[in-house]
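For reference, the structure is listed below as structure tokens.
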2 protein chains.
Amino acid sequence: MAQMAELVGSYAGEVTVPVPGADSMEAILDLLRAGGGRITTSRRLVVSALLGLRGHITAEEMCVLVQARAPDVVISTIYRNLEELERLEVIDRTQMAHGPATYHLATAAHGHLVCENCGSITELPSEAFRSLADTARRRHGFTINPGRFAVTGRCAACQ
Amino acid sequence: MAQMAELVGSYAGEVTVPVPGADSMEAILDLLRAGGGRITTSRRLVVSALLGLRGHITAEEMCVLVQARAPDVVISTIYRNLEELERLEVIDRTQMAHGPATYHLATAAHGHLVCENCGSITELPSEAFRSLADTARRRHGFTINPGRFAVTGRCAACQ
DNA sequence: CTCTATGCAAATCTTTTGCACGAAC
DNA sequence: GTTCGTGCAAAAGATTTGCATAGAG
């Protein structure tokens, strides 16, 4: 998030296209509208909950939050809302070891993909490191620091 | 266990305890026997299937393989066998995005955890990078190279 | 008015669990 | 003989789907 601010800060303020993920209510609603989607109460509440969240959330937890303001919303609607937001790349879905999947805004970039060939840098959300971090901790008691190291490989252009 | 894995490289070849993962039929069966476990037909077949496998496998796929030789083995037994092998750290379990979890031998180490503080190096199985690799490819068309970069952080001793 | 999203209920898929019996040691 | 693992059946947990209707544009 801090890194993100740094990198984004070098642009002028004109950019309205959310890259890589939308992070404001209006930007996300516009994304939903873009493909003929409609803005419903449940969608507004789901997006609102996501924006007011620092971490991840399960579909069931989201359902509880949404139902606090719209009791009639049912969990299958929550799943459909989250599925659509994932399709739009507004959120990422992470399958937990045993329990349910968790969802989170796809904005905060913490890791970096560095191309061995052209040196280009691509930001990667910290959630992408969750599984790696879990394995390192569980098997070795090692705490990784995704913001500190570069993940090397070949970018799309240099394959 | 975690500490042992870190130190393995500095020992001479006398060590017979399989660290970090067992990779031969007898070594794994010994591990099962160690805690009072028993060697049954289904366990033998599950271990055999794992050893003759290059990649990952789901519980259901494993069940099919085992049933080819022992038709009466039921899938709950497969789950229990896999759970036990995971507990013994013979295999790793990876929860797939949507479908079922997959299991694979925890032997091949490809990545490295490097402690920022003491510089110690711990090997990490390439499977630990699966989720990271999938995200990088799916979202950015980027192919990571787990063997080439160091994952930094704090080791158990330097927390 | 048209077409999408929702509520509700049921289905599906994966994994877990209780229990009595059979097998390993 | 004791203890552990298995088969069977049922439960549990998470997610998806069909369908009629309400609601957004």
Side-chain angles (χ1 to χ4, degrees), chain A residues 25-26 28-49 56-67 69-88 90-103, chain B residues 25-26 28-49 56-67 69-88 90-103:
Chain A
M25 174 70 77
E26 270 315 311
I28 296 174
L29 295 186
D30 281 346
L31 234 42
L32 282 167
R33 274 187 274 256
R38 292 168 185 186
I39 308 307
T40 63
T41 302
S42 75
R43 286 188 170 179
R44 216 182 281 275
L45 289 174
V46 164
V47 171
S48 167
H56 46 69
I57 190 172
T58 66
E60 179 131 12
E61 290 163 352
M62 173 63 79
C63 193
V64 170
L65 289 186
V66 169
Q67 288 178 336
R69 299 187 144 234
D72 288 351
V73 172
V74 104
I75 201 166
S76 58
T77 295
I78 300 294
Y79 274 109
R80 285 189 272 226
N81 288 172
L82 292 172
E83 183 182 26
E84 176 69 359
L85 289 171
E86 189 192 3
R87 201 182 60 74
L88 295 172
V90 168
I91 59 178
D92 275 326
R93 170 190 156 124
T94 307
Q95 182 66 287
M96 287 320 219
H98 281 245
T102 63
Y103 303 82
Chain B
M25 173 69 78
E26 270 314 312
I28 296 174
L29 295 187
D30 281 346
L31 233 41
L32 282 168
R33 276 186 273 255
R38 292 167 186 185
I39 308 306
T40 63
T41 303
S42 75
R43 287 188 170 178
R44 216 182 281 276
L45 289 173
V46 164
V47 170
S48 166
H56 46 71
I57 189 172
T58 66
E60 179 130 12
E61 289 162 352
M62 174 62 79
C63 193
V64 170
L65 289 186
V66 170
Q67 288 179 338
R69 298 187 145 234
D72 288 350
V73 172
V74 103
I75 200 167
S76 58
T77 293
I78 300 295
Y79 274 109
R80 286 189 271 226
N81 287 173
L82 292 172
E83 183 182 25
E84 177 69 358
L85 290 170
E86 189 193 2
R87 200 181 63 72
L88 294 173
V90 168
I91 60 178
D92 275 325
R93 171 191 156 123
T94 307
Q95 181 65 294
M96 287 319 218
H98 280 247
T102 63
Y103 302 81

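By convention in this document, chain letters (A, B, ...) are assigned in the order of the sequence lines, proteins followed by strands, and residues within each chain are numbered from 1. These values consider heavy atoms only, across backbone and side chains, with no hydrogens, waters or symmetry-generated copies.
- Applying the side chain to side chain donor-acceptor pair (under 3.5 Å) rule to B:Arg93 yields the partners B:Tyr103; only residues at least two apart in sequence or on another chain are considered.
- Taking the side chain as every heavy atom from C-beta outward, B:Asn81 and B:Val47 never approach each other to under 4.5 Å.
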Per-nucleotide protein contact along nucleotides 19-25 of chain D, 5' to 3', at a 4.0 Å heavy-atom cut-off (B base, S sugar-phosphate only, - neither), is ----BBS
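- Taking only side-chain nitrogens and oxygens, B:His98 comes nearer than 4.0 Å to OP1 or OP2 of D:dT16.
- One interatomic measurement links the two molecules: CG of B:Asn81 to P of D:dC4, which rounds to 16 Å at whole-angstrom precision.
- Every residue two or more places apart in sequence or in another chain that forms a salt bridge (Lys or Arg N to Asp or Glu O under 4.0 Å) with B:Asp92 is listed here: A:Arg138, A:Arg139.
- In this structure, A:Tyr79 places its OH atom 13 Å from P of D:dT17, rounding to the nearest Å.
- Scored by the side chain to side chain contact (heavy atoms under 4.5 Å, CB included) test, B:Ser48 finds B:Met25 as partners (sequence neighbours excluded).
- Atom CG of B:Leu85 is separated from atom C1' of D:dG5 by 13 Å (rounded to the nearest Å).
- As rounded to whole Å, 15 Å separates atom P of D:dG5 from atom CD1 of B:Ile78.
- One atom, CE of A:Met62, and another, P of D:dA14, lie 16 Å apart when rounded to the nearest Å.
- Note: A:Arg43 CZ to A:Leu82 CG = 11.0 Å, rounded to the nearest 0.5 Å.
- Taking a heavy-atom distance under 4.0 Å as the criterion, the stretch of DNA chain C touched by chain B extends 5' to 3' from C:dT14 to C:dC25.
- Taking the charged nitrogens against the carboxylate oxygens, B:Glu83 and B:Arg80 have no contact shorter than 4.0 Å, which rules out a salt bridge.
- Here the side chains of A:Val46 and A:Val73 are not in contact, with every heavy-atom distance at 4.5 Å or above.
- Computed from coordinates, the A:Ile75 CD1 to D:dT16 P distance equals 11 Å when rounded to whole Å.
- Note on B:Ser42: only backbone sugar-phosphate atoms sit closer than 4.0 angstrom, heavy atoms only; bases stay farther off.
- By the side chain to side chain contact (heavy atoms under 4.5 Å, CB included) test, B:Arg69 is found to be paired with B:Leu45, residues two or more places apart in sequence or in another chain being considered.
- Each of B:Ala70 and B:Gly36 was matched to the nucleotide of DNA chain D holding its nearest heavy atom; the match closer to the 5' end belongs to B:Gly36.
- Side chains of A:Glu61 and A:Val64 form no contact here, defined as non-hydrogen atoms less than 4.5 Å apart.
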